[in-house]
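Predicted, not measured: the structure shown is a model, and the values here were computed from it.
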Amino acid sequence: MKDAHPFEPMAAGPGSGPVFAAWERFVRGEDQVPGVRPVVAISWHRCREQYRVDPHLPAAPVAVAAGDHTLEHDAVFAELGFRAASVAHEMGNLGGVVTVTDATGRILGEWGDQATLARATEANLAPWFCWSECAAGTNGMGTALEAHGPVLIRGAEHWCQAFHNWVSAGIAVRDVVTGDPIAVLNVSCWRRQLPASAGGRLANVVAKTQRTLKRRARDSGAELVAAFTQARARAHEPLAAVDTAGKVVIADDSASVLMGVPASTPAVDSTLRWNPRLPELIGAARYASKQAAQDPGWVGSTQIFTHLADEPTSISIRPVFSSGHLIGNLVSFGATDGAQLPPAHQPAPARQPRRLVATRANRMVLLRLAEVSFAESDGNDVWLCTGQGRLRAATPSLDKLDDELADAGFLRVHRRYVVNLSRIREIERGPKGGLLLVMEDGPNEMVPVSRRNAPAVRRALDI
């Protein structure tokens, strides 16, 4: 049976019924939870295996520290707070509570029905308490930070038994450049159905906030192109402009070859920028963002592997600001200006998963890494080729899966494929000098290698 609409109102019965029985089994260590929605089962798995949250936690913990907020994030909080107050008027009349959290799950503000607000304090559903999944388990706010799109958590679907009397629905506002969460707008009800209008109201508020962020990102992209044009007039080395996520906004002819992107073609819109698939460059861009926040005059240098080159290339990276706001970086290839980045300048790798989580119909499937031959992106889905057949990955994007598996013997070989290097059986030459990887699963399982990823494949396989 397909999942109900994410915000379809349903009763929030206390600890009873098939979901509660599945929760009890999962808490005891079982993995199969038939009848539990995949988004919930996957969240339970994170809470048990990765975050190790006590399912008998009596209340959400106090937020340890405030996250690092930019001025733009503060503007998002202010806008959401203003809009949440209007939503709360409707929700308050129906017994609901509206909350806004930051990217760490820390509640910043709360509005709604006074009786429900009083009840909420018993669970620490109140400002300055943390509701991220790693702190409070599966819930509307924390799970919205982990997932893309609206999230509804009802009754016994909450990881912590103390919250089984609640129904909560949340949607995250995400940075349109990096995709990282900025805030969550959430509505919660106590022992009653969530109003049918709640989903539409929350989605409408978040959509308006996202449109504001998209306009700002387009403006920042245009300003980054202008900074590139000025620098290009006096530069002697290949030059590119990348945003804070390491995606290319514009590159000159020489830099475009090194990065495998179109030359001299501005990509102002954040949704149209090119991913160069250069992990070291992305790491340097993120490191530069942190350093520039402390010292706007900072300039750094390091070495990275580029496309079509077997040896690393020196780069100099210079942050670009607009009205005191970091909008990206100018990258000069072959230059060594600036402070040398430390060896650990790349962001800390995601915790290597012991198992990958996939879904089949209404069931969660736990896979050992060795069972996965390759991952393939198909539209909005990521599919895993395994000994059990093709399974839909729980990870929402191939980029995220690539990050998770980068240190586990997997390699991105194409914009649509990540392969398990240990499962490659043969290599064939394809048309126009391309490569095809024949996987162990059979002669019909062949994965193409893009031209710009071919050098990395040859290095990884020592051929």
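Each of Arg37, Glu133, Glu146, His158 was compared with Ser43 under the side chain to side chain donor-acceptor pair (under 3.5 Å) criterion, and only Glu133 meets it.
Classified by interplanar angle (parallel below 30°, tilted 30° to 60°, perpendicular above 60°), the ring pair Trp190/Trp166 is perpendicular. A tilted orientation is assigned to the rings of Trp44 and Phe26, their planes being inclined by 30° to 60°.
By the side-chain contact (heavy atoms from CB on, under 4.5 Å) test, Ala245 pairs with Val177, Thr178, Asp243, sequence neighbours left out. With sequence neighbours excluded, the residues that form a ring-ring contact (aromatic ring centres under 6.0 Å, His included) with Phe163 are Trp131.
Here Phe20 and Trp23 bring their ring centres to under 6.0 angstrom of each other.
Classification of Glu79 and Lys208 as a salt-bridged pair fails, no side-chain N sitting under 4.0 Å from a carboxylate O. Under the 4.0 Å criterion applied to side-chain N and carboxylate O atoms, Arg412 and Asp399 are assigned as salt-bridge partners.
Contact of the Thr386 side chain with the Val372 side chain is registered, since non-hydrogen atoms from C-beta on lie closer than 4.5 Å. Side-chain contact between Glu110 and Leu117 is present, with at least one heavy-atom pair separated by less than 4.5 Å. Taking 4.5 Å as the limit, some side-chain heavy atom of Leu185 sits within range of a side-chain heavy atom of Val98. Residues Val382 and Lys400 are not in side-chain contact: their nearest non-hydrogen atoms beyond the backbone lie 4.5 Å or more apart.
To the nearest 0.5 angstrom, Leu125 atom CG is 4.5 Å from Ile107 atom CD1. Atom CD of Glu223 sits about 12.5 Å away from atom CZ of Arg216, to the nearest 0.5 Å. Separating the CD1 atom in Ile182 from the CZ atom in Arg174 is a distance of 9.5 Å, to the nearest 0.5 Å. Here the straight-line distance linking atom CD of Glu157 with atom OG1 of Thr143 works out to 9.5 Å at 0.5 Å rounding.
Not a single donor-acceptor pair under 3.5 Å links the side chain of Arg52 to the backbone N or O of Arg46. Looking at Arg392, its side chain never comes within 3.5 Å of a backbone N or O of Thr359 through a donor-acceptor pair.
Defined by atom type and a distance below 3.5 Å, a donor-acceptor pair is present between the side-chain atoms of Asp102 and Thr104.
Between Asn139 and Ile153, the shortest heavy-atom distance links the atoms C-CG1, 3.7 Å.
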